[in-house]
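All remarks here apply to the structure that follows.
Nothing here was measured: the structure is a model prediction, and the numbers come from that model.
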Amino acid sequence: MAITMAQVKPRQFVTCCGLLITSMVATWPAMAVETTITPQIRASSYAYQIDQFDTDGTDDGLALALSPSIDFSLSSKVLQTRFSWQHESLFYEDSQRSNRSYDEFSFSNVLSLYQDRLTWGINARNSYQVRNTQNGVFSDKITAGGELSEATSYGSFLNLATASYSDLNAVLRLEYNHSESDRPDVDDGLPAFDSDNYRAGLLLASRDRSKTAFWRLEGALGKTERRDIRPYDNRLAQALIGLPLFSRLSLIGRGSYEYTDNNNFYQNEFASYGAGIELKLGRVSWVNVSFNSSTTKRFDEEDEDNTYWATEFYLAPSRRTSLEGSFDRRYFGRTANLAGQYNVRALTMRLSVTDTVQTQTFLDRELIDLGIFVCPQTAIEFTDCFRPPNANYIPLPGESYQQAFDVGLELDQELVLRRSATFALGYSKRRLSVNLVMNVSDTEYVERNEEQEGRSINLNTGWRLSERSSINAALRVYQIDYEFANREDDNILMSVGYDMTLTEHSEMSLSLRRIERNSNIDRFNGSENRLWLTYIYNF
């Protein structure tokens with residue numbers, strides 16, 4: 001799990017600090033809290049060798065990185081705040097690279113009142129990342145800082161909900177997010193851009209679906225403003241009503257409406273209605289099937305009428321297991337959503353299938369949930385964290401529970417239709433931890449009629465040799481088919497590391513990694529070997 005970082009511009013710094021001060025003042029009376037401040041300094045020395053197909057010889061070099069940082073966290077029953085900042089200075093013994101420095105931060109603040117019926121959150125972060133994977137999936141600041149774009153985002157949300165014991169389940173959510181990205185020093189083919197995303201959602205439903213009669217109304221409005229590109233608007237509404245036929249069988253009626261418009265050619269309107277039956281399978285599980293009629297209107301095309309079968313289900317045979325999903329239709333054709341999880345003491349599994357239409361800056365926040373992990377305050381990489389050995393585990397001083405995520409690679413303001421399927425497996429017992437994530441995705445750039453397919457495997461393992469030492473290894477494979485460029489790449493990263501705790505305040509690690517890119521176009525082939533030694537001191 002990586003702590004995201006980025007350069008602090010004056011305007012961004014003032015914005016972030018203003019949000020932080022405002023939240024602190026607003027919640028000061030409730031701040032009988034636990035507070036931790038963890039300063040740290042990290043020093044790393046790197047030796048690397050880069051081999052590219054279209055260059056003569058190898059690119060050999062040495063680098064020294066000095067990284068002071070500070071992590072602030074504040075926790076109470078109503079407030080959760082975290083602010084992390086890191087400065088990194090890089091010094092090179094390499095004629096092809098010049099010294100660089102980075103200032104990076106991440107901030108989040110969530111206030112929950114009235115037993116979580118009112119929740120307000122603000123966030124801000126900066127990071128350096130790849131915007132176009134054709135330039136290198138595994139590019140980083142050490143050897144490819146000039147290929148990374150500074151990406152900045154900040155936003156806020158407000159959530160209002162009825163109490164969990166109320167018969168009415170009502171939720172109102174208002175959300176705003178701003179994203180921007182600068183052009184890297186090495187041209188990646190994308191312009192600098194920024195976008196603003198506004199979204200409002202409302203849910204009204206009966207709380208207990210297991211009762212004889214039930215109903216659900218849901219709606220959402222969204223707007224995305226984009227630099228130099230027309231804005232994108234979307235609206236969605238859904239309705240469901242269920243009336244009893246027998247004790248476990250109900251007659252259902254359903255309808256939906258969706259509208260999208262990018263103020264250009266991508267204008268779609270979809271309406272459907274139908275009826276079916278729903279079968280209750282126990283206290284909370286259910287499955288329904290319906291027959292539906294739909295009408296689709298697309299820009300400058302004749303209306304399209306369809307009839308089709310659809311299904312929705314929620315299965316929870318135990319507290320450890322759940323599976324929910326739907327198979328329906330939208331204006332772009334068949335749509336499927338699936339989310340499932342299985343949790344036992346040592347093993348967790350998660351499955352997710354989604355399709356969505358949105359800009360990639362917004363999709364960057366739709367993260368893949370990998371589960372709950374225990375992370376020390378000094379955690380930088382995912383391998384620094386471990387799955388709790390049992391449900392009753394109490395974090396030690398300096399440790400905290402963190403939600404671990406995997407995120408997408410690309411960053412763009414264009415409108416895309418993305419279909420994705422992800423399977424995550426986690427195993428942790430005694431001293432061994434294994435985490436596996438497999439993903440298949442299809443991304444259609446609807447505004448320029450291009451498509452990209454990706455497949456990835458991410459395997460992280462760790463073995464605690466003793467209380468003071470551990471080893472870790474990682475294997476990451478990305479296969480990307482850039483259909484619009486007639487190009488296919490196999491990207492592979494392999495790494496292994498040894499970590500050792502020297503004293504109560506200091507740690508040391510030795511790491512080795514190799515990356516390869518094998519493309520059907522020879523000039524994009526390349527590889528890198530890297531060895532580095534890191535020393536960390538926690539004040």
[X] side chain to [Y] backbone, donor-acceptor under 3.5 Å:
X: Arg230; Y: Asn263; value: yes
X: Tyr478; Y: Asn458; value: no
X: Arg199; Y: Ala220; value: no
X: Ser149; Y: Asp182; value: yes
X: Asp355; Y: Asn337; value: no
X: Gln413; Y: Arg227; value: yes

Would you name the heavy atoms of [X] and [Y] that are closest together and state the gap between them?
X: Gly146; Y: Pro184; value: O-CB, 3.4 Å
X: Ala47; Y: Leu62; value: CB-CD2, 3.7 Å
X: Ala43; Y: Leu66; value: CB-CD2, 3.8 Å
X: Ala421; Y: Val353; value: CB-CG2, 4.1 Å
X: Ser156; Y: Ile122; value: OG-CG2, 3.4 Å
X: Arg476; Y: Phe138; value: O-CZ, 3.8 Å

Find the distance between [atom1] ([X]) and [atom2] ([Y]) and round it off to the nearest 0.5 Å.
X: Asp116; Y: Asn159; atom1: CG; atom2: CG; result: 9.5 Å
X: Leu493; Y: Arg513; atom1: CG; atom2: CZ; result: 5.0 Å
X: Phe157; Y: Tyr176; atom1: CZ; atom2: OH; result: 16.0 Å
X: His178; Y: Glu225; atom1: NE2; atom2: CD; result: 12.0 Å
X: Tyr259; Y: Asp233; atom1: OH; atom2: CG; result: 7.5 Å
X: Phe484; Y: Gln134; atom1: CZ; atom2: CD; result: 4.5 Å

For Ile471 and Thr461: C-alpha separation, side-chain torsions, deciding distance, then whether side chain to side chain contact (heavy atoms under 4.5 Å, CB included) applies.
CA-CA 8 Å; Ile471 57 174; Thr461 62; over 6 Å; no
Residue pair [X] / [Y], side-chain donor-acceptor N/O under 3.5 Å:
X: Glu147; Y: Ser139; value: yes
X: Asn197; Y: Thr224; value: yes
X: Asn109; Y: Thr81; value: yes
X: His505; Y: Asn538; value: no
X: Tyr482; Y: Thr133; value: yes
X: Ser44; Y: Thr534; value: yes
X: Ser527; Y: Asp51; value: no

So, for Tyr266 and Tyr232, is the gap between ring centers shorter than 6.0 Å?
no
List the steps and the verdict of salt bridge (Lys or Arg N to Asp or Glu O under 4.0 Å) for Asp481 and Arg455.
CA-CA 9 Å; Asp481 183 0; Arg455 296 167 295 278; 5.9 Å; no
Do [X] and [Y] have side-chain heavy atoms sitting under 4.5 Å apart?
X: Phe107; Y: Tyr154; result: no
X: Gln341; Y: Thr348; result: no
X: Ile492; Y: Leu475; result: yes
X: Gln452; Y: Glu450; result: no
X: Asn439; Y: Ser420; result: yes
X: Asn472; Y: Asn460; result: no
X: Asn135; Y: Val130; result: no
X: Thr119; Y: Val110; result: yes

Take atom CD in Glu483; do more than 12 heavy atoms of anything else shown fall under 6.0 Å from it?
yes
More than 12 heavy atoms from other groups under 6.0 Å of CG on Asp522
yes
Parallel, tilted or perpendicular for Tyr128 and Tyr102, by the 30°/60° rule?
perpendicular
Angle between ring planes, Tyr537 versus Tyr535, binned at 30° and 60°: parallel, tilted or perpendicular?
parallel
Between Asn491 and Ile515, does the side chain to side chain contact (heavy atoms under 4.5 Å, CB included) criterion hold? Intermediate values first, please.
CA-CA 7 Å; Asn491 305 274; Ile515 62 174; over 6 Å; no
Could you please spell out the steps behind the side chain to side chain donor-acceptor pair (under 3.5 Å) verdict for Asp412 and Tyr445?
CA-CA 10 Å; Asp412 198 357; Tyr445 296 84; 5.5 Å; no
Checking Arg100 against Asp185 for the side chain to side chain contact (heavy atoms under 4.5 Å, CB included) test, could you report, in this order, the C-alpha distance in whole Å, the side-chain angles of both residues, the deciding distance, and whether it holds?
CA-CA 12 Å; Arg100 290 177 174 267; Asp185 296 341; 2.8 Å; yes
Asp71/Arg82 ion pair, N-O < 4.0 Å:
yes
Are Arg487 and Asp489 ion-paired here, with the side-chain N under 4.0 Å from a carboxylate O?
yes
With sequence neighbours excluded, tell me which residues meet salt bridge (charged side-chain N to carboxylate O under 4.0 Å, His left out) with Arg226.
Glu447
Pi-cation contact, Phe193 with Arg131 (under 6.0 Å, within 45°):
no
Go through Gln80 and Ser75 one step at a time and tell me if the side chain to side chain donor-acceptor pair (under 3.5 Å) criterion holds.
CA-CA 5 Å; Gln80 300 289 328; Ser75 178; 3.1 Å; yes
Would you sort out whether Phe332 and Val446 count as a side chain to side chain contact (heavy atoms under 4.5 Å, CB included), showing the intermediate values?
CA-CA 11 Å; Phe332 52 77; Val446 298; over 6 Å; no
